[in-house]
Amino acid sequence: MKRAMTLSYETGGDLYLNITNRCPCACTFCIRKNDDGAYGSDPLWLEHEPTFEEMCADLAARDLTAYPEIVFCGYGEPTMRLGFLIEVAKHIRRVCPGAVLRLNTNGLTDLYNKEEALADGTDAAQKLCAVIDRFSISLNGGDAAVYDRVTNPKGHPAEAYDTMLRFAKAVKAAGREVRFTVVDVISPEEIAAAQARADALGIPLTVRAYIQ
Ligand code: SF4
């Protein structure tokens with residue numbers, strides 16, 4: 001496994017931010033299983049999680065106005081560093097007020113950040129909606145059984161699917177742009193069930209091809 005301090009990288013014209021390698025899931029399709037990077041990037045396994053100063057220095061070397069979207073994605077689940085993510089998003093808003101910020105997430109932040117999120121009386125969805133424009137949430141299946149098989153959530157597996165759905169509903173209710181994703185490692189019937197679930201919530205679904 002190669003490690004580096006690749007804190008940002010370009011894909012499809014957008015800028016992706018890599019703030020953590022931690023994740024409470026083990027998705028069967030996770031790109032981290034097959035490579036050290038993503039879409040030709042330098043290694044995304046971090047030597048250490050970046051400090052705020054390291055992240056700001058990395059961003060300062062970029063022309064942030066050049067990217068249609070700046071995406072918190074990473075080689076891990078960005079909301080594992082909820083407070084850090086929000087501080088970096090605020091920083092980007094300060095230095096590049098026109099930036100469009102997207103979060104790619106498993107939507108499980110309430111499973112592992114509840115206390116931190118609620119310390120000031122606002123939950124994670126509220127905090128994130130204050131700084132993030134668009135959300136891409138891993139639906140991964142039309143029901144909890146398929147979801148658990150694909151996602152392998154650790155810690156509170158019985159609550160994971162409903163937690164993710166609640167997060168998606170909260171983000172949508174807050175008026176933010178949100179979409180679900182599934183990867184085609186599930187059967188056509190299971191994709192159809194995921195589509196029905198997404199339709200019932202009024203959230204568009206993107207079916208992504210599995211990348212070896
Ligand atoms: S949530 Fe994302 S980083 Fe975590 S295992 Fe799944 S695909 Fe990989």
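FYI, the numbering just counts along the sequence from 1. All ligand and atom numbering here is 1-based and tracks the order in the structure. Keep in mind that the numbers below use all heavy atoms, side chains included, and drop hydrogens, waters and symmetry copies.
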*How far apart are the C-alpha atoms of Ile186 and Asn140, what are their side-chain angles, what is the distance that settles it, and do they pass the side-chain contact (heavy atoms from CB on, under 4.5 Å) test?*
CA-CA 8 Å; Ile186 57 177; Asn140 287 358; over 6 Å; no
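Val131 is not listed as a side-chain neighbour of Phe72, based on a closest heavy-atom distance of 4.5 Å or more.
The aromatic rings of Tyr161 and Tyr147 sit tilted relative to each other, their planes meeting at an angle between 30° and 60°.
If you run salt bridge (Lys or Arg N to Asp or Glu O under 4.0 Å) between Asp133 and each of Arg176, Arg93, Arg102, only Arg93 comes through.
No side-chain donor-acceptor contact under 3.5 Å links Thr6 and Asn18. Side-chain N/O atoms of Thr105 and Glu77 include a donor and acceptor closer than 3.5 Å.
For ligand 1, the atoms closer than 4.0 angstrom to any heavy atom of Cys25 are 5 (S). Remark: ligand 1 atoms within the under-4.0 Å shell around heavy atoms of Phe29 are 7 (S).
Looking from atom 5 (S) of ligand 1 to the surrounding protein, the closest heavy atom is Cys27 N, 3.3 Å. Of the protein's heavy atoms, Cys30 SG, 2.3 Å lies nearest to atom 8 (Fe) of ligand 1.
Within the 4.0 Å heavy-atom criterion, neither part of Tyr75 lies near ligand 1.
Residue Cys23: an N/O/S atom is found under 2.8 Å from atom 4 (Fe) of ligand 1.
For atom 2 (Fe) of ligand 1, the nearest protein heavy atom lies 4.0 Å away or farther.
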